[in-house]
Structure formats: C-alpha cells, structure tokens
A.B. asks: 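Handing you this structure, nothing more for now.
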Amino acid sequence: MSTQKSTEKTTDPLVVFTPSGKRGHFAVGTPILTAARQLGVDLDSVCGGRGICSKCQITPSYGEFPKHGVTVADTALSEWNAVEQRYDDKRGLPKGRRLGCQATVQGDVVIDVPPESQVHKQVVRKRAEARDIVMNPTVRLYYIEVQEPDMHEPTGDLERMQAALKAQWGLDVSRAHPNVLKELQPALRKGGWKVTVAVHDGGRETARPSIMQVWPGYYEGTIYGLAVDLGSTTIAAHLCDLQSGEVVASSGLMNPQIRFGEDLMSRVSYSMMNAGGADEMTEAVRDGMNALFTQIAAEAEINKTLIMDCVFVCNPVMHHLFLGIDPFELGQAPFALATSSALRLEARDLDLALHPSAQVYFLPCIAGHVGADAAAVALSEAPDKSEDLVLVVDVGTNAEILLGNKDKVLACSSPTGPAFEGAQITSGQRAAPGAIERVEIDPASKEPRFQVIGSDLWSDDPGFEASIATTGITGICGSGIIEAVAEMRMAGILDASGLIGSAAQVGSVRCIEDGRTHSYLMWDGSATGGPTITVTNPDIRAIQMAKAALYSGARLLMDKFGVDTVDRVVLAGAFGAHISPKHAMVLGMIPDCDIAKVTSAGNAAGTGARIALLNADARSEIEATVQQILKIETAVEPRFQEHFVNASAIPNAVEPFPILAGIVTLPDVSFNAGGDGGGRRRRRG
C-alpha cells in the first residue's frame, strides 16, 4: 500500500490533481485511483479499481508547471498496460486518457479529473441563469467480489455480500429488498461470485443503506430515476440517468382527474359530494401516472424495472389524492394538511409499476395551499439566496408565488384556474402543433398576425401556409391568449374594464356581434374546413379572473414584505418560458417592473424535482428551507379581495404601472355604453 506524506520532507513523487488542486506525495507504484481516494479527490469507480468499469478515467499532463512547482516527465506514469488496451479495443478511450486504477505513480505528475469521471459531477441545466446540479443520487452501483460459501463457515450469501460491501466500499448495508433475496443466489453463481449491486443510501443521514438489485458480474447498463411534476391539469416527467444526470427522455399527459373538475376545489367538492370520490380520483391519477411511465420508458427504449428512484412534486390537493388521502380538510379553514413533511416511500405503496423496490420521495409541502411544487420552485430558483428582492411566480391552474431575498421568503398560492393553460377559452387548447402561441395586432388596421407551434413563420410571411400544411391552425394556447388579450388592449380593441368594442367603435369588421357582447375574429378557416378562432368576452373574463388572482397574491406578499416594488420577477410554470414579459405586464399579471428584469425559469417545479432526484443533499436542504418560509393564506386576508377587484382591470384600476407607461401607451377607450352604431347600450357581461 502507498502512504501519503503531505507534511514531512520526502523523496516520493508529488501528485497534483486538477481542477481540485489537491496534492500529496505517494510512493512509486501507487495507483492514481488510490492516491485520489487518500486525498479525497472526486474520482469515480464502480468496480473498486479492478479495471472493469472505466469510470476512473484521468488525463495526465506533461511538461513544466510553474504554478504547481513541478516538471512532469513522459515517464511520470507506468506504461500503458493490457487492461487499458483491452478496454480501448472494446469501447475506446479518448486520446490521452488513462485508467486511474491501472496507471501508477512513477514520478511527479499533474492529473486532470475530467467532469465525466467525477463522482459528484455537475450537470449543467440548459438555462443560462440556472445553478448546476451536483450529482449525488440516492441509488448507486457497486461492483463487489463475494467470498464463496464454505462448509466450515455457514454464513448466508446475503450476509457475505453485505460483508463484501463493508470491506470493499465501507458500506454498512442493513437489509436487502425482498426481490433481491430471490435473485442473489443465481446471480452470485452465474457471475462467479462477482456481482454488481444497486444500493439505496437510505435517504437520510440516520438511515442505513439497502440492496435494491443484484446483477451477475459487472453490470454495464444504466439505472434511472424519474422527476415528476404532478399538476392539476398536466403531469410532466423527466427520465434521468442516475449515473450521468442526463435527461434521456421527457414526456407529459393531461391529468385524468380533470373529468372530476378542472380546478382543485372542484375535485375537493367531488370527494365531499360523492361516496368513494377521493378513492376514484386516486385510482385515476395513479393509472395516468403508470401510463405516463410506460410512455416515457418506451420513448427511451428502456425497461421500466430499471427505474429505481422517483421524486414527486405537487400541490397539496394533488399530493393528498395521489397518496390516497381524502382532501376534505383542504377544502375548509384552517386548510390542514394530513402531513407537510417530506415523505420516503416505495413505488409499490402507490401502485406504481416500476422496479419492485423503486424508491419514492415527496418534497415537503409549505402550507395547506402551498405545496411541494412551490418547495421545488424554491429549490430551483433559490430566492432565499438572492441579494435582491425577487418575485417568483409559478403560473398554473393554482399559482404558487414566492417573494424574498436572503433575509426572508414569503409564500402563498392563488387559484388562477386553467385559463392560462388554454382551458375555459372558446378556441383554447393545449400547447401543441397548430396552436396559436404568438400574436401581434396592428394598432391602426386592427389586423392580427400570429405564429403557431410548429412553424417559425408569421401568418403574413410568404410560405406560412406551406409551413403549417401538416398541422393546420387548430386553436389558441395559453401564451397565445395572453398575448392576444394584451395586444387587443394595446390596439384599442379592448377597454380597461375588459369589454370588446363593436365594429363601429373600434373601426374593424373583425369585431363581430356575439350575443349581448362582441368577439374579435382572429382567424376564419371555415372556407377550407378549418376552425373559426375568436376571442370572446367570456374569454376575456376568464383571463381577467386568472390574472387578477395571480397579481393579488403577489401584491399581498409585497404588502406583507412592506414594499411597493420588486427588483426582478421570475416567471415559472409549464409555459412560463413562452410568456412575453411585456404582454404579461400589459395584462397586469405581474407587478410593474423593468422588463429586462422579468425572466423565465421554464418548469422550475420540474427542475427542482430533478435537482432533488440527482442530489440527495438537496433534499435535506429544501426540508430545512421550507421551515424558514413564512406562509401567507390568501383566503383569510381581507386585502386579497381588495387587490383582486383592482386587478380585474387591464392592467389595474388603481396601480399606476409607471415603468410600463414609459414603453407602452394604452388607448383611453371605453365601450361600456352606446356608440355601437345601433343604439344598443353595452354593459359588462
């Protein structure tokens, strides 16, 4: 064995690791992997240095290194050996790479540990402003060599496997899942007493690891985890490689509970009014979840039994229904949760068809109406670490809102309903190919132009019709209706109260009579058998109610914080990335703020779930953070209703929005009575 000598004078070679900068003197012949372990360098290995897994790849550097005070000769490492050659022939080693378990110290050397060889490697999320995710999953693979049974030492195969994990990896494994007991004896004998085991770390500091799976010999495959955002309207899942952190597939589907009610309180009411209603909804969402898992596994071309860990985030009502808890208490004050703590379960507890011992982790809920999805947003966007005051709004059927900085964080939820997701809108639909997602209206001619999902062209660009030939124009999605309403307000088609003017008032034949109100004709595809897409006054009302609820929640938190402005706004949610900050502010969805300081976080709840899936320490972090967040219940706050009434106007009846006024001039029009050319008095519908 080599011995590190870091303080005393020695003639042993100096080994310097980058990028960590850790260094030490080691005897000639010491494997680089051994040196790394003794110095605490983050160098991976599944096989324990047996030259099988190739996880310990390193890149030696040669030449003069004044910074490190060392000159590295070509002979600083042992010569390329047969094990490395076999691996290179079979799978290929990048040029200049060596295996850390095979290359030994022969002289002073500088060793670079590439990111993919680090145990706690960082997975960079695609958003530029995002934090990196440090890999530290709760399920890992370990290759071990187990002592063969002996007549004189009648220990069980499991006990000898546990002894091998202790001796070779320092793991004190307390138990094996039942499926392992059926598999371990055939696997040990088939593998010649060499096996790879998947070990779950127990999920917390006080828990002891357990064996989840055993494979004969060295298992060269991958194990997976799922990060799932269970929303009221949609369920989204990300399938992740638990060794690299890569998202190998993402998929989603409509929450099948929608048939019981589009909003959360409708579902609570259904459980109250129907015997067995809660159980019915639990069964529906679990069936939907299994369908989604089958779908995502097929997309990734993997067996579902390789999915060994899951993290779920959801609002409190979905949390209870998925767990099989009647949400009755969440429908009435004081909105008590059955439990707000993080939960650690097994997939079979929830009837999920995954690996027999797959683990399930639920992030903690914050309050009765502020759930684990808000906790996931807090984990992803970290308002508690922000120097400036940040408002984070997770836009969905039930909006979660966080306001804070490093001093304190406040949270609330607001019942926006499904209008922002295209539901309850006359021509509304989910964001799918063919849906209108961007809208502009010429303020002079009142003519619209738009983009649909699946095409980069605008509707008045040459080639637009050819570009949408396969999808057509099918409806308008959430981001599209937000932009449409805001554009109608900027073009003078819509007044501040939310009324659409008549053709005579507006000066456009696109404003058509629609019962006792008017509608705006966005697209008429009837000539070719397509849909007629209009924005109606009921559509406007649905958006007004949704945005007023959203703004009122944010404004209430600002009151509690004692501020009238925020430094920046982060829009999160499934379609947060697609909401235009300017249009959101024209609507009055968010407080007046510098447009440049309004950014998108995409599906931050899903990202938070992925962080918790890939990093066990993040689970402890968010459990502690949630305890420090101050929860505000909008239902019992008198000022919420006051803000709601004011926020029903577009953008607001009393708030001045001076920053917005500096970049957009909103027409001072009113269509509340008369002036339509026919003598009919117009009133709010």
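Both backbone and side-chain heavy atoms feed into the values below; hydrogens, waters and symmetry mates do not.
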A.B. asks: Side chains of S386 and R568: is there a donor and an acceptor less than 3.5 Å apart?
C.D. replies: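 Result is yes, a qualifying pair exists.
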A.B. asks: Step through the shown structure and confirm whether more than 12 heavy atoms of other residues, nucleotides or ligands are within 6.0 Å of CG on D407.
C.D. replies: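 More than 12 heavy atoms, drawn from other residues, nucleotides or ligands, come within 6.0 Å of this atom.
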A.B. asks: Does a donor on one side chain sit under 3.5 Å from an acceptor on the other, for D539 and T536?
C.D. replies: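 On atom types as modelled, these side chains qualify, holding a pair under 3.5 Å.
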A.B. asks: Parallel under 30°, tilted from 30 to 60°, perpendicular over 60°: which one fits the rings of F322 and F362?
C.D. replies: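 Judged by the thresholds at 30° and 60°, the geometry between F322 and F362 is tilted.
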A.B. asks: Check whether S380 reaches the backbone of A376 with its side chain - one donor and one acceptor, N or O, closer than 3.5 Å.
C.D. replies: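 It does not hold such a pair.
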A.B. asks: Quick one: does S427's side chain have a donor or acceptor within less than 3.5 Å of a partner on I533's backbone?
C.D. replies: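 Flag not set: sc S427 to bb I533 has no pair under 3.5 Å.
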A.B. asks: Surrounding CD of E465 (heavy atoms of other residues, nucleotides or ligands, distance under 6.0 Å), is the total greater than 12?
C.D. replies: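 For E465, atom CD is not crowded (no more than 12 foreign heavy atoms under 6.0 Å).
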A.B. asks: Any sub-3.5 Å donor-acceptor pair from Q544's side-chain atoms to S497's backbone N or O?
C.D. replies: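 Answer holds: yes.
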A.B. asks: Do T534 and S519 have a side chain donor and acceptor closer than 3.5 Å?
C.D. replies: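 Looking only at side-chain atoms, S519 and T534 do not form any donor-acceptor pair under 3.5 Å.
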A.B. asks: So, are D388 and K406 salt-bridged, with charged N and O less than 4.0 Å apart?
C.D. replies: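 Salt bridge: no.
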A.B. asks: Which heavy atom of M558 sits nearest to which heavy atom of P591, and what is that distance?
C.D. replies: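 Looks like SD-CG, 3.7 Å.
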A.B. asks: For L226 and A237, work out which heavy atoms get closest and say how close.
C.D. replies: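 Scanning both residues completely, I find the closest heavy atoms to be CD2-CB, 4.3 Å.
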A.B. asks: Hey, is the main chain of V439 close enough, under 3.5 Å, to the side chain of E483 for a donor-acceptor pair?
C.D. replies: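 Yes; judged by distance alone, with no hydrogens or angles, the pair exists.
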A.B. asks: Name the orientation class of the two ring planes belonging to F260 and Y270 (parallel below 30°, tilted from 30 to 60°, perpendicular beyond 60°).
C.D. replies: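 Because their plane-to-plane angle lies in the 30° to 60° range, the rings of F260 and Y270 count as tilted.
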